[in-house]
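Here is the structure we will look at, set down as structure tokens.
The analysis underlying the following values was restricted to heavy atoms, covering all of them including side chains, and did not include hydrogens, waters or symmetry mates.
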Amino acid sequence: MPTLQESSKRYLTMSDHERYMARALQLAERGLFTTCPNPRVGCVIVNGGKIVGEGWHQRAGEAHAEVNALSAAGKQAKGADCYVTLEPCSHFGRTPPCADSLIKAGIKRIFVAMTDPNPVVAGTGIARLEEAGIEVIVGMLEQQAEDINPGFCKRMRTKRPYVRSKLAMSLDGRTAMATGESKWITGPEARLDVQKLRARSSAILTGISTVLADDPALTVRPDGADWYPSNMNVRQPLRVVVDSQLRTPINAGLFDNKGKVLIATTVENPSTLLPAKIITLPTENNQVDLSALMTNLAAHGINEVMVEAGPVLNGALLSEQLIDELVIYMAPKLMGNGANGLFHLPDIKTMAQNVELQITDISAVGRDWRITAKPQ
């Protein structure tokens with residue numbers, strides 16, 4: 001398999017290659033809200049220096065990106081170059097292998113952004129293409145391709161989902177008044193931005209304390225958002241409640257028939273009329289074993305988990321190193337010493353025990369600021 005550097009000396013300039021792969025990545029992003037549990041994938045077919053076919057994976061169970069692009073290209077796919085953001089599959093799942101479709105269409109050369117982390121594929125798609133005489137170049141815009149599918153990649157590699165915790169705070173780091181009042185810390189622009197995080201998530205996780213205090217619906221409500229296609233039905237993520245003693249009330253706003261609800265508890269043989277799936281998990285310090293919960297969610301195809309919870313659950317997740325990313329919306333207001341903080345971390349008593357964060361992005365959202373960070 002030639003390296004990217006070797007191929008770039010013989011073919012088009014790197015900028016041309018990158019332009020086509022960048023377009024494939026743009027197409028992949030169109031599946032941001034719809035492909036779970038599958039990855040988001042885009043594909044571009046180029047013949048004679050012109051794009052002759054484009055496609056992306058739109059929904060799980062439907063045609064993959066390569067098949068859609070080949071259909072658009074038709075006979076012009078013969079002898080063409082293909083740019084795809086993820087290694088073409090080589091196995092029969094809900095659809096036939098994409099590698100076979102590319103071979104049959106007469107594709108001459110394929111640029112793959114990244115190999116598939118799924119162990120069922122993991123290089124076998126590339127091997128099949130090369131055995132058929134197709135030149136395969138791997139590694140173009142690899143990190144960008146990885147960034148589109150953080151949950152799928154982590155689930156395939158570690159059997160756990162990618163966990164993103166969303167928090168809203170004042171400038172002095174407070175998330176709610178001592179009474180529990182928290183509506184609204186941030187402005188309407190930030191709250192709409194949160195809907196985008198919900199829409200891309202496979203599941204939304206909260207704790208029983210938040211359910212009892214706020215009675216949240218935790219649904220995707222993209223009304224008026226320019227980022228959500230107007231002709232697309234809203235997919236509601238699985239809503240997950242960590243409820244050790246099974247205290248969720250039957251009239252909770254979660255039970256609104258807008259999506260499925262899962263309750264994780266430590267109660268053995270629970271007998272309840274709650275309209276939810278209830279799973280009993282091992283205990284950790286008399287609470288639900290959060291690590292076991294994440295493994296369970298991944299086993300059921302959950303790629304990305306969004307946490308919308310209070311300081312206790314967020315603190316527990318952070319302490320157990322289960323949070324991959326923090327998205328903090330900071331409002332230009334002060335809430336005072338009596339208000340609640342972001343995390344309950346009682347074990348931190350010295351500076352040496354502090355949790356280091358890497359800030360990856362800071363952006364203005366209306367009057368508020370969105371800070372994205374990753375625990376080190």
Side chain to side chain, [X] and [Y], heavy atoms closer than 4.5 Å:
| X | Y | result |
| --- | --- | --- |
| Pro88 | Leu129 | yes |
| Glu18 | Arg23 | no |
| Leu318 | Pro375 | yes |
| Ile279 | Lys277 | yes |
| His64 | Cys89 | yes |
| Val305 | Pro161 | yes |
| Val163 | Glu325 | no |
| Met335 | Ile185 | yes |

Would a single hydrophobic cluster contain both [Y] and [X], if residues Ile, Leu, Val, Met, Phe, Trp and Tyr are joined by side-chain heavy-atom contacts under 4.5 Å?
| X | Y | result |
| --- | --- | --- |
| Tyr228 | Leu197 | no |
| Met169 | Leu334 | yes |
| Val136 | Met114 | yes |
| Tyr162 | Met306 | no |
| Leu326 | Val194 | no |

From [atom1] ([X]) to [atom2] ([Y]), nearest 0.5 Å:
| X | Y | atom1 | atom2 | answer |
| --- | --- | --- | --- | --- |
| Leu70 | Cys43 | CG | SG | 6.5 Å |
| Thr372 | Ile359 | OG1 | CD1 | 9.5 Å |
| Thr34 | Trp56 | OG1 | CH2 | 9.5 Å |
| Ile103 | Asp100 | CD1 | CG | 5.5 Å |

Could you check whether any side-chain N or O of [X] sits under 3.5 Å from a backbone N or O of [Y], counting only pairs where one atom can act as donor and the other as acceptor?
| X | Y | answer |
| --- | --- | --- |
| Thr206 | Glu308 | yes |
| Arg191 | Trp184 | no |
| Asp368 | Gly187 | yes |
| Arg235 | Ala199 | yes |
| Asn38 | Ala60 | no |
| Asp215 | Gly253 | yes |
| Glu87 | Ile126 | yes |
| His57 | Ala63 | yes |
| Thr85 | Ala24 | no |
| Asn303 | Pro37 | yes |

Reference residue Lys260; test side chain to side chain contact (heavy atoms under 4.5 Å, CB included); the match among Val240, Leu238, Leu254 =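 Answer to the side chain to side chain contact (heavy atoms under 4.5 Å, CB included) test with Lys260 among Val240, Leu238, Leu254: Leu238.
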Using side chain to side chain contact (heavy atoms under 4.5 Å, CB included) as the criterion, point out the one residue from Val312, Thr210, Leu317, Leu290 that pairs with Val242.
->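 Only one of Val312, Thr210, Leu317, Leu290 forms a side chain to side chain contact (heavy atoms under 4.5 Å, CB included) with Val242, namely Leu290.
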What are the two closest non-hydrogen atoms of [X] and [Y], and how far apart are they?
| X | Y | answer |
| --- | --- | --- |
| Ile323 | Ser165 | CD1-CB, 4.0 Å |
| Ala99 | Arg128 | CB-CD, 4.0 Å |
| Thr248 | Val241 | OG1-CG1, 4.0 Å |
| Ala80 | Val46 | CB-O, 3.2 Å |
| Val220 | Pro237 | CG2-CD, 3.4 Å |
| Met330 | Ser170 | CG-O, 3.9 Å |

Do other residues, nucleotides or ligands put more than 12 heavy atoms under 6.0 Å from the [atom1] atom of [X]?
| X | atom1 | result |
| --- | --- | --- |
| Asn354 | CG | yes |
| Asp361 | CG | yes |
| Glu320 | CD | yes |

Lys166 vs Ile204, side chain to side chain contact (heavy atoms under 4.5 Å, CB included): CA-CA, chis, key distance, verdict = CA-CA 10 Å; Lys166 184 279 298 182; Ile204 301 175; over 6 Å; no
Qualifying side-chain hydrogen bond (donor to acceptor under 3.5 Å, both in side chains) pairs with a residue from residues 39-53, counting only residues at least two apart or across chains |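 Checked against side-chain hydrogen bond (donor to acceptor under 3.5 Å, both in side chains) - neighbours excluded - the pairs reaching residues 39-53 are Arg40-Glu304.
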Given side chain to side chain donor-acceptor pair (under 3.5 Å), test Arg160 with Ser291 step by step and report yes or no.
-> CA-CA 9 Å; Arg160 287 189 180 174; Ser291 179; 2.2 Å; yes
Would you please test Arg157 and Glu146 for salt bridge (charged side-chain N to carboxylate O under 4.0 Å, His left out) and show each step?
-> CA-CA 12 Å; Arg157 291 168 181 154; Glu146 176 104 14; 2.5 Å; yes
Given the rule in the salt bridge (charged side-chain N to carboxylate O under 4.0 Å, His left out) test, do Lys196 and Asp193 qualify, once you have shown the distances and angles that lead to the verdict?
-> CA-CA 5 Å; Lys196 188 172 185 178; Asp193 198 60; over 6 Å; no
For Lys154 and Asp324, run salt bridge (charged side-chain N to carboxylate O under 4.0 Å, His left out): C-alpha distance rounded to whole Å, both residues' side-chain angles, the deciding distance at 0.1 Å, then the answer.
-> CA-CA 10 Å; Lys154 185 178 180 186; Asp324 296 287; 2.8 Å; yes
Test side chain to side chain contact (heavy atoms under 4.5 Å, CB included) applied to Thr35 and Phe152, step by step | CA-CA 10 Å; Thr35 64; Phe152 177 80; over 6 Å; no
Given the rule in the side chain to side chain contact (heavy atoms under 4.5 Å, CB included) test, do Leu357 and Lys374 qualify, once you have shown the distances and angles that lead to the verdict?
-> CA-CA 5 Å; Leu357 302 176; Lys374 294 187 176 184; over 6 Å; no
Do Tyr20 and Phe111 have ring centres separated by under 6.0 Å?
->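 No, ring centres 6.0 Å or more apart.
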Exercise: do Asp243 and Thr265 side chains pair donor with acceptor under 3.5 Å |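 No.
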State whether a side-chain donor-acceptor pair under 3.5 Å links Gln287 with Ser244.
->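 Result is yes, a qualifying pair exists.
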Residues two or more places apart in sequence or in another chain: which of them pass ring pair (Phe, Tyr, Trp, His ring centres under 6.0 Å) with Tyr329?
->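 Checked Tyr329 against ring pair (Phe, Tyr, Trp, His ring centres under 6.0 Å); zero matches.
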Pairs where residues 334-371 contributes a residue and the test ring-ring contact (aromatic ring centres under 6.0 Å, His included) is met, not counting sequence neighbours =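 Sorted result for residues 334-371: empty, none.
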Side chain to side chain contact (heavy atoms under 4.5 Å, CB included) assessment of Ile107 paired with Ile45 = CA-CA 9 Å; Ile107 291 292; Ile45 296 175; 4.2 Å; yes
